[in-house]
Amino acid sequence: MFRAIPVAILSSLALSLTGCSESSLEGCVETLAGGPLPIATARDQRFQGKVRESTARCRGGEVALKFLNAPWVDWANYYATRDAASLDDLETRNRRGIGGALIDLEYARVELLKFNLFDNAGTYQQYLTGRPGLDGPTLKTWAEMRLPPTHPNFADVGGAGEQLCTGALIRGRTLTGICNDLRNPLMGSSGTLFANNSEFESLFPDAGLNVIARNRHGDRLSLLKPDPQVISRRLLTRAQSDPAACADGHGNPGVALGGSCDYKKAPFFNVLAAFWIQFMTHDWFSNLEEGHNAPESMKVGCTSQLVAGVDTPLTPQDVARLGCRPEDAIDRGFVAAGSAPPTFTHGGREYATRAPKTFRNTNTAWWDASQIYGYDETSRRRVKRDSTDPARLQVVLVEGRSAEGDRQGYLPLLDASDPKLPDWSGQEAVAFPDNWTIGMSFFHNVFTREHNQFVDEFRRRAARTPDADSGLRNPSTPARIIRYRDVTADELFEAARLVVSAEIAKIHTIEWTPQLLYNEPLFRGMNGNWFGLLNGEGPLPDSLERALLRLRNAPSSRANDLYSIVASGPGIFGQGSGKRGWSLSNPDDVNGGTNHFGSPFNFPQEFVTVYRLHPLVPDLIEYRETRSPDTIQSHVPVIETFRGKATPFVRQRGLGNWALSMGRQRLGLLALQNHPRFLQNLRIERLQSPTKQIDVAALDIIRDREHGVPRFNEFRRQYGLRQIASFDDFIDRHLPPDSPEAANQAQLAATLREVYGQHRCDASIPITVAQRNADGSPIDDCLGHPDGSMVDNVEDLDTVVGYLAETTRPHGFAISETQFVVFILNASRRLFSDRFLTSSFRPEFYTTLGVDWVNNNGPQKMIEPRAINGHDDQPVSPLKRVLMRVIPELESELTHVVNAFDPWARDRGEYYSLEWRPRSDAREDDAFRAPRAP
Ligand code: HEM
């Protein structure tokens, strides 16, 4: 039964979406005859995003065949997966292309869930060995996820006996994130350990902890080797055509018009999207505590470079030419456990029980808007509630601001009694105040207003129908109806928090991500995560829910493998919440929609790596005003809005003008040589160094090295992607070889070679156990090149640098496929594991208004009047709705906006166009007249 249902679903998905009825295509026939690709049973037999020749021909014709041998994933070359040029006249081909891409993506997710979960809290051994009658990947509770005796809620959850969260602890999102999972109270809470997605043995490559790591990297690596500041200056710095006008990101004095900093721009993604993702990371994770790292200070390079393959000290002239700073120092990262990990033997092989070093996520790992509401007692003290209605967040009215949205107020400032770093003085008061700029101020203000909008609407309903059922229930007295009039301010505050967090999750899943990955398969995939591929229609979802429940409770890991495939039918969001007979008194209903796939949920350190997205940020913001939206009034350096300086900017100029400015401006491409100048020269007063400056680009590299993240090639192998064999693999083969862009990419490959070097290879030494060559032989130091030849040190490439160097990307991908594969796994898990986004997405927790608000993107449904990329009846997107509510003065500007993260004056054209051209009524927009970025 367990096998039959998912296979039937997969086949029907495949058939309905791929439409393989077209008889002339032998590739399709061969593909069907070969049957569905089996799910790999061993790590080194993974699918690597590469398909058989017949499958490629069936799904993408000649284009897909042409790139079969490239290291990059195949689905990007299928029919209909790019812009209009990829659409075929035959609709069946288009369906095959899109359906094939979705199938490839689902296979990737299944394999990632199967091969990439490495918990550091002590559960990994059980994951491998299982428990009597249960395979490891089907385990659902762990002793390591119990609250310890020292925890203040130890007794509340059952103390030393069986632990189960009940009563007040399960009503909403708790401050520290405990009791999201009723039977694993500690999971995902603040201060628990980051996980890993890579095998423990592959971590800390520069420490040479095993023979494979030593084979892979020789003695070429250390924390500061290759030199991170040299990498930053040579490979990450934004080139400037007019360095004086940029002034390292400071622009013209007094934020005057005319300041100019060149940056490589993404035409289909705006600056709001850049700050959105910073706002998100402040919710999900942090390696720092209250904005600082460990007390010890260390140097950060600018001391040596490779000259003809030899590590050579930098001369003063080199330092001056590079512009780096040998005197910089930073505080070291925190380490939770640094001793050698205990080991165990399983199946004749020795395994480590955890990573060689572990690290704490000082934030809650849940999607709980903790950047707004807090993640521990200290951060909560900065969260200010309205004294006249404590269900609301406190706002203040700003004198002189008279736009409609201004009446909803602005965040108050941190006051003298608030816990804070001296650096944060003058900033607005929020739970997560670090690295504050205009962007953080913007989103915090927006969602503070949104919180209050929900509360106000609830209060209006309460005034109209005080005796009506609010939908809310208290788990301690589950049968008692709570009328609107009975809902306390605290209860309403917590319901509003749930609503705001779920809205944020929805914005991220169906608005931000489909614009980050702007093509049809990802539009469907992301909407599939939320609404289900079947879009909640027809009788199937109900039977799918039952199938999911059975799969979830099956003892074999085979069932677990199939779970995510079946889940793609009804979708992850709301999983288990619609079950007939759902009861608040039954913990298995409250918790029953989650699945942790045998490994407690927390983000892996590799997730932090792929979110090091500093190139997204421009140096200067093109400031506009709603009274004349096409005109760039001034260039505001982001650095001039750093920390406390953000507050006067946001208040004096108003949220509406900032929304317009950031909404219309393109963000920075994630590419080499595109880091903001100001971030390479950031002043941090708390540092104990002569310069008191840091180069955040260099720091991104150092922190990943401190955290032991595998280098780029092994990182890809660990995630089931194909390795590269030379820096030249970064040159996009889709480009005409004689094009200027191909020449530019060849130049970057040459610079990578200079910075990272080459070595004479030895074909007798294996360098990985994660993958094998196509013929089954071990991958060796020569990566397919002749034994003894000089090969690029691609194995040493830092992962951040590698993913920025990836120019071959699926259409409309603002990120690289290496980053994306990390999201496939962890973005899904963050939904799968959270009961408030699955089985506890119900009125009992959210109120009836809350559930409707999340489902309808506000108090009532609103549909876009036009089709979007061929899809009719599209709801007005959730962030657009939020902006319409909290900044009503944007109404006329937002009329044209379909996705709040697509530059607002861009003509979206037909079918996933990436062109940078103005919509008809914005032809005068200065951004379309300005010279193009280099
Ligand atoms: C103007 C804006 C920004 C500033 C001033 C800034 C600054 C910083 C600084 C100083 C660090 C700490 C480095 C350390 O000591 O480990 C950091 C870390 C980080 N930043 Fe940014 N950043 C900005 C924008 C962004 C954006 C847009 C993203 C996109 C996601 C981002 C993602 C990260 C991540 C993932 C980390 C590592 C955090 C951790 O280890 O917990 N930042 N940033």
Side-chain angles (χ1 to χ4, degrees), residues 190 194 228 232 249 269-294 297-298 300 328-334 359-363 365 371 375 421 423-424 427 432-443 508 512 516 603-621 636-643 645-646 662 667-668 670 674-687 689 692-707 709 799-800 814-815 819 822-823:
S190 309
F194 279 108
S232 164
F269 219 24
N270 64 20
V271 172
L272 284 179
F275 288 118
W276 172 266
I277 192 59
Q278 189 187 14
F279 181 58
M280 288 300 92
T281 61
H282 291 177
D283 178 354
W284 301 330
F285 56 77
S286 177
N287 275 287
L288 285 73
E289 283 177 14
E290 284 289 289
H292 63 80
N293 298 291
S297 181
M298 66 178 184
V300 287
D328 276 12
I330 51 149
D331 35 13
R332 280 182 195 276
F334 289 110
F359 308 92
R360 289 190 194 289
N361 182 355
T362 57
N363 216 321
Q371 77 276 46
Y375 38 88
L421 279 181
D423 280 354
W424 297 340
Q427 280 181 210
F432 196 107
D434 206 22
N435 294 330
W436 194 252
T437 62
I438 192 67
M440 290 309 89
S441 173
F442 177 79
F443 278 116
H508 190 84
W512 187 84
L516 170 93
F603 290 110
Q605 197 62 266
E606 294 89 334
F607 193 70
V608 182
T609 301
V610 296
Y611 274 107
R612 296 189 182 278
L613 303 180
H614 293 116
L616 295 178
V617 184
D619 284 280
L620 307 178
I621 297 205
V636 177
V638 177
I639 188 63
E640 288 301 327
T641 73
F642 193 38
R643 301 193 156 153
K645 292 186 195 164
M662 295 191 281
L667 55 58
L670 290 167
N674 205 26
H675 266 71
R677 304 289 288 219
F678 79 92
L679 281 182
Q680 287 180 310
N681 304 295
L682 194 66
R683 194 164 171 86
I684 305 270
E685 293 301 333
R686 71 177 154 77
L687 293 176
S689 70
K692 290 199 182 296
Q693 276 182 298
I694 54 172
D695 176 341
V696 175
L699 212 47
D700 280 338
I701 293 168
I702 296 174
R703 293 296 185 217
D704 276 357
R705 292 181 185 174
E706 279 189 294
H707 296 150
V709 174
T799 295
V800 172
I815 54 169
Q819 292 167 287
V822 181
F823 302 158

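Atoms within a ligand are numbered from 1 in the order they appear, just like the ligands themselves. Numbering of residues begins at 1 and proceeds along the displayed sequence. Computed from a predicted model, the values in this text were never measured in an experiment.
Within ligand 1, counting atoms from 1 as listed, the ones closer than 4.0 Å to a heavy atom of Val617 are 27 (C). The contact set between ligand 1 and Ser286, taken as ligand atoms under 4.0 Å from a residue heavy atom, comprises 41 (O). Close contacts between ligand 1 and Asn293 involve ligand atoms 15 (O) [criterion: under 4.0 Å to a heavy atom]. When each atom of ligand 1 is checked for a heavy atom of Phe642 under 4.0 Å away, the hits are 5 (C). Of all atoms in ligand 1, listed by their number and element, those nearer than 4.0 Å to a heavy atom of Ile277 are 29 (C), 30 (C). Of all atoms in ligand 1, numbered sequentially from 1 with element shown, those under 4.0 Å from a heavy atom of Phe285 are 35 (C).
For atom 40 (O) of ligand 1, the nearest protein heavy atom (residue, atom name, distance) is Asn287 ND2, 2.9 Å. Counting only heavy atoms of the protein, atom 30 (C) of ligand 1 lies nearest to Tyr611 O, 3.2 Å. Shortest contact from atom 27 (C) of ligand 1 to any protein heavy atom: Ala274 O, 3.4 Å.
For Gln427 (side chain) and Pro433 (main-chain N/O), a donor-acceptor pair under 3.5 Å exists by modelled atom type. At least one donor-acceptor pair under 3.5 Å links the side chain of Asn361 to the backbone N or O of Ser286. Side-chain N or O atoms of Gln371 include one that pairs as donor or acceptor with a backbone N or O of Phe279 at under 3.5 Å. No donor-acceptor pair under 3.5 Å is formed between the side chain of Asp328 and the backbone N or O of Val300.
At a 4.0 Å heavy-atom cut-off, ligand 1 touches Phe678 through the side chain alone. Only the side chain of Leu699 comes within 4.0 Å of ligand 1, judged by heavy-atom distances.
Scanning Met440, Arg703, His282 for the heavy atom closest to atom 14 (C) of ligand 1 points to Arg703.
For atom 21 (Fe) of ligand 1, protein N/O/S neighbours under 2.8 Å (waters excluded) are His614 NE2.
The ring pair (Phe, Tyr, Trp, His ring centres under 6.0 Å) check on His675 picks up nothing, with sequence neighbours excluded. For Ser190, the side-chain contact (heavy atoms from CB on, under 4.5 Å) partners at least two apart in sequence or on another chain are Thr176, Thr364, Tyr375. In this structure, Phe678 has no ring pair (Phe, Tyr, Trp, His ring centres under 6.0 Å) partners at least two apart in sequence or on a different chain.
At under 3.5 Å, not a single nitrogen or oxygen of Thr437, backbone or side chain, sits near a nitrogen or oxygen of ligand 1.
In this pair, Phe432 and His282 present their aromatic rings parallel. The plane angle is below 30°, not in the 30 to 60° band. Using the six-membered ring where Trp is involved, Trp276 and Phe443 have ring planes that are perpendicular, over 60° apart on the 30 and 60° scheme. The aromatic rings of Phe607 and Tyr611 lie perpendicular to each other, with more than 60° between the two planes, well past the 30° mark.
Judged by the shortest distance from any of its heavy atoms, Leu616 lies outside the 4.0 Å radius around the atoms of ligand 1.
Using a cutoff of 4.0 Å between basic side-chain nitrogens and carboxylate oxygens, Asp700 and Arg705 are not scored as salt-bridged. Look at Asp331 and Arg703 and you find a salt bridge, because one of the NZ, NE, NH1 or NH2 atoms lies within 4.0 Å of a carboxylate O, short of that distance.
In terms of heavy atoms, Pro637 sits closest to Leu620 at CA-CD2, 3.7 Å.
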